[in-house]
Amino acid sequence: MSDEPAPTSKDFIREIIDEDLASGKHDGTVTRFPPEPNGYLHLGHAKSICLNFGIAQEYGGRCHLRFDDTNPTKEDVEYVDSIKEDIKWLGFDWGEHLYFASDYFEKLYDWAVYLIKEGKAYVDQQTAAEIKSGRGDLQTPGINSPYRDRPVEESLDLFQRMKAGEFGDGVMVLRAKVDMAHANLNLRDPVLYRIVHAEHHRTGDKWCIYPMYDYTHGQSDAIEHITHSLCTLEFENHRALYDWFLDNIPVPSRPRQIEFSRLNLNYTVMSKRKLLQLVTEKHVSGWDDPRMPTLSGIRRRGYPAAAIRNFCKTIGITKFESTNDFALLENAVREVLNQEAPRFMAVLDPIRVVITNYPEGQVEEMEAVNNPEKPEAGTRLVPFSREIFIERDDFMEDPPKKFFRLSPGAEVRLRSAYFLRCDEVIKDAAGNIVELRGSYDPETRGGENPPDGRKVKATIHWVSAAHAVEAEVRLYDRLFASEAPDRGEGSFLDHLNPDSLTVLSGARLEPNLASVVSGETVQFERLGYFCADKDGSQERPVFNRTVGLRDSWAKAQNQG
Ligand code: ATP
Ligand code: MG
């Protein structure tokens, strides 16, 4: 990763860490990435992963992967596995520091008992609706629960019986006794435990009471001796509650929480709940649909991990809410792929050209450069023969003045092969062009200019018809047609782009492309970057368009 851009200046979080190390408050950093395993990771998570694991790398510290798995009904091992895979793919490693909040259930329970004994927690038998209305709002202070001052012994007894499974879901909860008139609503006697008779993906049916996220998260950090507990801004007004727990429970360390702004991107949604809805309602083919902003989706789309890391460095870490342009991410993708992706020729919308002066049955192996940005990538051989395919829109029968590609009587260079002139246009009864006839100049082998000094203005790509491999190519566009699908009227689903997927079933590829392995991204010359998909085979490859060579989308918008 040494060739990635260095951060230009330190962000405010790294400055705080520098101070903490300089003052001797800490002698190293321990950070963590704490996903809830209730969905696949998305690009927003990548920002947090790059921050937390990045700090560990830069400061020689460590970064834990901890699953905050307090919600048995929404969580699943499928999510745990995909999250691990995505973090590794991004290029990070938690080493032996893999943890689960559910590993701390026993300890959290003991601490809840401790709080009850200290007179700082009580079992509340109000209904959920009563608890909600009793909490008040920003203008109105809350009112105390009638159970708030019940004897410690009674709460202890009920809490133990909650754990033993004596009561049904929602019959009672354990609440912290803080302050029902507190200006911060999070401190108005928050719920610590609820009854949920549900199997947990790790603890099975051992528990039927589960700690709330707010009661779990900060103490889990403390148990793991996290030094800097980095989270997004929506947790800012939970910090006072987390601090209250740290002050009132005998925790082994005191992490410092620092909030930063979330990653938001236009033309997409980035909440797991909405992404899950797209999947379950089959608006996309799955969590790894290449249009999804999930890490598994963009991986399948062909985005390189290095591009995501570079993008996260470019946008930096601040406390300001903002929305980043998807085009910025796509540029980061192009920058990496331009350096890395091997070039090949593929024709997406083929039209046949018969080269009438080329000997029947002859095949030449033309030498083509694999990557002009990387001479060490060498060359490959591409078969050339009498019948080839070119891109339908590289030909025009009545070209406008500035059209330099193929037209009747005009000459172009076939990349790495020969000059080709179009002599004849063959049409069917309906007047559609079905084939072109042309002639090549044997003196231009390899695409060299001929001895007579004749020049052409355009070079086009081609594949030999007899050798071409037929393939399916999937062209993707933005999943949503509007810039802020979350923030418009109605449902975000109303903003789905109906043209986000176009499937081309008759593309023709140069034969070398048949051996590109699934997950590898290549450049189709003049067309863009394409990633081999797992749905394909050697006989019939499937390619996903990763991104075009240029930001054609911005252009289209300006014209529109
Ligand atoms: P979502 O809102 O998509 O459901 P979440 O915050 O509920 O996400 P978690 O699994 O709790 O998902 O997130 C794990 C970590 O990733 C948290 O520390 C969270 O702050 C961070 N994170 C989530 N979304 C973003 C984002 N858009 N930008 C930066 N960090 C994020
Ligand atoms: Mg969350």
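Just follow the structure's listing: the first ligand is 1, and inside any ligand the first atom is 1. Only this structure's heavy atoms are used, side chains among them; waters, hydrogens and symmetry mates stay out.
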Is Thr203 reaching over with its side chain to a backbone N or O of His200, donor-acceptor style, under 3.5 angstrom?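 The answer is no, because no donor-acceptor pair under 3.5 Å joins these two groups.
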So does Asp169 have more than 12 non-hydrogen atoms from other groups sitting under 6.0 Å from CG?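 Yes.
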Going by the atom numbers of ligand 1, which of them fall below 4.0 Å from some non-hydrogen atom of [X]?
| X | value |
| --- | --- |
| Pro35 | 10 (O), 14 (C) |
| Pro34 | 14 (C), 18 (O) |
| Glu36 | 9 (P), 10 (O) |
| Thr232 | 19 (C), 20 (O), 29 (C), 30 (N), 31 (C) |
| Ser48 | 16 (O), 21 (C), 30 (N) |

Step-by-step side-chain contact (heavy atoms from CB on, under 4.5 Å) determination, Tyr210 to Tyr193: CA-CA 6 Å; Tyr210 288 94; Tyr193 270 87; 5.7 Å; no
Heavy atom of Arg273 under 4.0 Å from ligand 1?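 Checking ligand 1 against Arg273, which is what was asked, there is no heavy-atom contact under 4.0 Å.
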Can you find an N/O atom of Glu234 closer than 3.5 Å to an N/O atom of ligand 1? no
Contact (N/O only, under 3.5 Å) between Leu230 and ligand 1: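 Checking ligand 1 against Leu230, no N or O pair falls under 3.5 Å apart.
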Electrostatic pair Lys319-Glu259, nearest N-O below 4.0 angstrom: yes
Salt bridge or not for Arg299 and Glu85, using N-O below 4.0 Å?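 Counted as a salt bridge, because a side-chain N and a carboxylate O are separated by less than 4.0 Å.
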Gap separating the NE2 atom of His182 from the CZ atom of Arg135, nearest 0.5 angstrom: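 Output value for this atom pair is 13.0 Å.
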